[in-house]
There are 2 protein chains.
Amino acid sequence: MGYFTFRHPIKTYPWEVFAMSATLKDIARETNLSVTTVSLVLNKKPCRVSDATRELILKTAEEMNYYPNQLAVGLVKQQSNTIGLIIPDISNHFYSNLALGIDAEMNNHNKNIILLNTDFDAEKLVRGINVLKSRGVDAIILTAASLSPKNLSLYSDLLSNVRVPVVTVDHYYPELHCSAVQLNNRKGAYIAVKHLINYGHTDIACITGPRHSTVTLERLEGYRLAMKEAGLSLPEKYMFCGNYRQEGGARAAEEILRSTKATAIFAFNDVMALGACQTLKEHAVSIPDDMSIVGFDNIDFSGMLAVPLTTVNQPAYEIGQEAARQALLEIEHPDIEKRTITFEPHLIVRSSTKPRASKS
Amino acid sequence: MGYFTFRHPIKTYPWEVFAMSATLKDIARETNLSVTTVSLVLNKKPCRVSDATRELILKTAEEMNYYPNQLAVGLVKQQSNTIGLIIPDISNHFYSNLALGIDAEMNNHNKNIILLNTDFDAEKLVRGINVLKSRGVDAIILTAASLSPKNLSLYSDLLSNVRVPVVTVDHYYPELHCSAVQLNNRKGAYIAVKHLINYGHTDIACITGPRHSTVTLERLEGYRLAMKEAGLSLPEKYMFCGNYRQEGGARAAEEILRSTKATAIFAFNDVMALGACQTLKEHAVSIPDDMSIVGFDNIDFSGMLAVPLTTVNQPAYEIGQEAARQALLEIEHPDIEKRTITFEPHLIVRSSTKPRASKS
DNA sequence: GTGAAAGCGCTAACAC
DNA sequence: GTGTTAGCGCTTTCAC
């Protein structure tokens with residue numbers, strides 16, 4: 001097991017007497033007033049209640065440590081003050097920073113987050129949307145789903161039916177008719193590859209994300225554009241399909257070593273770049289001497305690696321904040337037009353890339 | 001701004017007609033049955049309903065894409081199938097992995113997580129507990145709070161009144177009368193320091209967490225024990241108060257360089273160790289030649305740093321799972337005895353520590 | 001100034 | 001086999 005347990009002495013707790021939380025009714029009984037009046041006062045509704053009564057209610061509520069039951073409030077107001085956050089992997093630094101940004105913003109508006117981790121599983125995603133809907137969330141923030149064209153319509157139907165604002169982060173499908181917040185992925189990939197080209201590399205492999213993710217598609221476009229502009233060929237066998245996870249990067253790097261003569265790798269995110277670095281290390285391929293590598297995301301640790309990683313910066317926290325703001329805006333104004341908010345990337349050059357060695 | 005926005009063309013959506021989600025009542029009306037019957041069938045309650053009726057209900061529910069309103073269910077069942085997770089910083093790898101483990105386990109039991117990020121702020125923590133209570137969570141998992149003795153009683157009262165199981169992670173106060181899951185921090189610190197001592201170090205500084213955190217206290221005990229056992233002195237000025245954050249580690253390292261002749265540092269977590277590493281680098285102090293450093297947590301990246309970090313392993317995901325299981329258990333059996341579940345640490349020796357250089 | 005009553009969507013005890 | 005009824009805790013309209 002790897003752990004042991006220690007049983008506490010059996011005990012009864014005096015406070016188990018106060019099993020129930022105070023309700024409006026309790027306060028009404030205590031003060032000899034009606035539930036209505038108590039509700040009115042505690043919600044600071046404009047109404048003609050005598051100061052004495054008001055004081056009494058406030059005092060009693062305080063004493064009884066009254067907190068309104070949000071399930072009941074949500075039921076009647078049809079607004080739960082929660083928002084749903086669907087994320088593929090909360091342990092990924094990009095997403096956890098995104099979540100932090102969202103939380104910070106929502107906190108200012110007294111909304112709480114219901115967190116759903118999909119593990120990159122499309123089925124969990126679909127179920128998750130229904131779960132959130134049934135929980136009456138006021139909005140959904142949806143990150144990085146990878147949808148096949150077939151799934152897309154199902155998905156689109158689903159989102160159409162949630163009746164609450166949906167903001168997609170990091171994957172924009174026009175079919176979805178909802179607001180989106182994302183990085184200019186095309187440009188991000190373009191500047192990453194351009195950097196490698198400027199360093200004299202011509203055989204540049206890439207490790208992509210899942211095939212149907214729009215993020216992947218957009219980054220692929222940027223890669224293609226940069227290669228094409230430089231008059232470089234784009235052999236299919238230089239493109240490797242990863243999964244935005246470490247082991248995917250590691251596996252792709254194996255392939256790259258085995259089947260190409262690439263001198264540079266562009267990994268579509270830092271985590272895969274990391275996986276690739278480990279493979280290269282195992283094969284005693286030096287970075288950047290034998291292989292240059294550039295990542296994407298600029299997660300916290302990419303600058304502190306054995307070989308600090310050159311990467312494209314993506315401001316996760318700010319993206320989260322912005323997504324939260326847009327969700328809040330659409331909750332407030334349901335008929336406001338949808339927007340696409342795009343952040344601009346920039347390249348952070350560190351030590352994992354260097355000019356191509358001339359043949360020796 | 002750093003980003004631009006693009007406005008979508010204004011559009012009306014045909015599906016806005018189906019503004020409402022289907023309710024039991026809708027299905028009852030549609031099938032000419034009573035709400036009760038529909039509820040009974042959809043909840044798979046043992047009851048004598050004709051197969052024809054059952055089929056009809058199931059089919060209709062399917063067609064109308066019925067999902068029960070969980071606010072209503074929660075209100076009447078006094079059980080919301082949500083659990084509250086209070087975490088100081090979700091962007092910290094230890095906590096995000098913890099959250100992942102909790103989510104995985106809760107997912108298997110159809111419970112969702114309401115995530116509250118406290119930013120290490122005691123006030124947010126207190127507010128958070130009340131918020132969760134008012135949201136009717138079935139249990140609360142509470143991580144790493146740092147309570148002054150004064151706060152402790154307030155806090156204890158608060159928790160007593162939530163009426164739902166509380167499982168504390170990574171901070172055990174007997175006064176709280178709730179189950180706890182944690183690492184054997186005392187032992188973890190002990191083996192870390194022992195390792196440094198075995199390497200011949202005698203001037204060992206430590207960077208602690210906040211003063212009142214039990215994690216800090218326990219690790220401090222382990223540190224003291226190892227030092228004492230080895231007959232080493234324990235000058236106060238070798239103990240530096242950090243905050244479990246990177247900048248805290250960096251600041252403490254400055255102090256260590258300025259005011260001690262330490263040859264080794266034991267940082268109470270990896271993130272602070274990282275901060276310290278950066279300071280040392282800025283001061284051109286070589287790790288491990290001039291300074292050995294050992295961390296705590298074994299977060300993902302600690303092995304991939306420029307100088308791979310020697311650290312104490314803490315299985316965040318498993319700790320999360322176990323906390324979730326205990327919470328689930330107590331939801332199921334409210335009167336079950338509370339437990340303390342302790343995981344055993346082990347040291348992972350990498351390159352940031354080495355035997356002390358003999359004076360040259 | 002304050003209260004009665006209806007209803008949000010659901011469950012469950014009890015009729016018939 | 002199926003329906004009636006009450007009620008979870010709250011908001012809100014309307015009456016007094």
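Just so we're on the same page: letters track the sequence lines, and every chain starts at 1.
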Are [X] and [N] close enough that a side-chain N or O sits under 4.0 Å from OP1 or OP2?
X	N	answer
Y67(A)	dG9(D)	no
T37(B)	dG3(D)	yes
S34(A)	dG3(C)	yes
S39(B)	dA12(C)	no
K25(B)	dC8(C)	yes
K45(B)	dT11(C)	no
N69(B)	dC8(C)	no
T53(A)	dT2(C)	yes

Quick one: do the [X] and [Y] side chains pair a donor with an acceptor below 3.5 Å?
X	Y	answer
E322(B)	Q326(B)	no
Y67(B)	N130(A)	yes
S39(B)	T36(B)	no

How would you label the contact of L33(B) with the nucleic acid (heavy atoms, under 4.0 Å): base, sugar-phosphate, or nothing?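 Counting heavy atoms under 4.0 Å across all strands, the contact made by L33(B) is with sugar-phosphate only.
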Is the shortest heavy-atom distance from the side chain of D26(A) to the side chain of E30(A) under 4.5 Å?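 A side-chain contact under 4.5 Å is absent here.
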Separation of [N] [atom2] from [X] [atom1] (nearest whole Å):
X	N	atom1	atom2	value
L42(A)	dT12(D)	CG	P	14 Å
L40(A)	dA15(D)	CG	P	17 Å
Q78(A)	dG9(C)	CD	P	5 Å
L71(A)	dT11(D)	CG	P	13 Å
I27(B)	dT2(D)	CD1	C1'	17 Å
K44(B)	dT11(C)	NZ	P	12 Å
R54(A)	dT2(C)	CZ	P	9 Å
R135(A)	dC10(C)	CZ	C1'	14 Å

Parallel, tilted or perpendicular: rings of H171(B) and Y155(B) (30°, 60°):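 Geometry flag for H171(B) against Y155(B): tilted rings.
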Could you pick out which residue, D51(B) or T36(A), lies toward the 5' side of DNA chain D when each is mapped onto its nearest nucleotide?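 Whichever sits nearer the 5' end wins; that is D51(B).
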With nearest nucleotides of DNA chain D determined for V76(B) and N32(B) from heavy-atom distances, which residue corresponds to the more 5′ nucleotide? N32(B)
Heavy atoms from C-beta onward define the side chain here; which of [options] lies closest to that of [X]?
X	options	answer
Y66(A)	dC10(D), dG9(D), dT11(C)	dC10(D)
L75(A)	dG9(D), dC10(D), dC10(C)	dG9(D)
K77(B)	dG9(C), dT2(D), dA12(C)	dA12(C)

Let me spell it out: for each of P68(B) and R48(B), pick the nucleotide of DNA chain C with the closest heavy atom. Which residue's pick is nearer the 5' end?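 Nearer the 5' end of the strand: P68(B).
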Is the shortest side-chain N to carboxylate O distance from E63(B) to K59(B) below 4.0 Å?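 Salt bridge present between E63(B) and K59(B).
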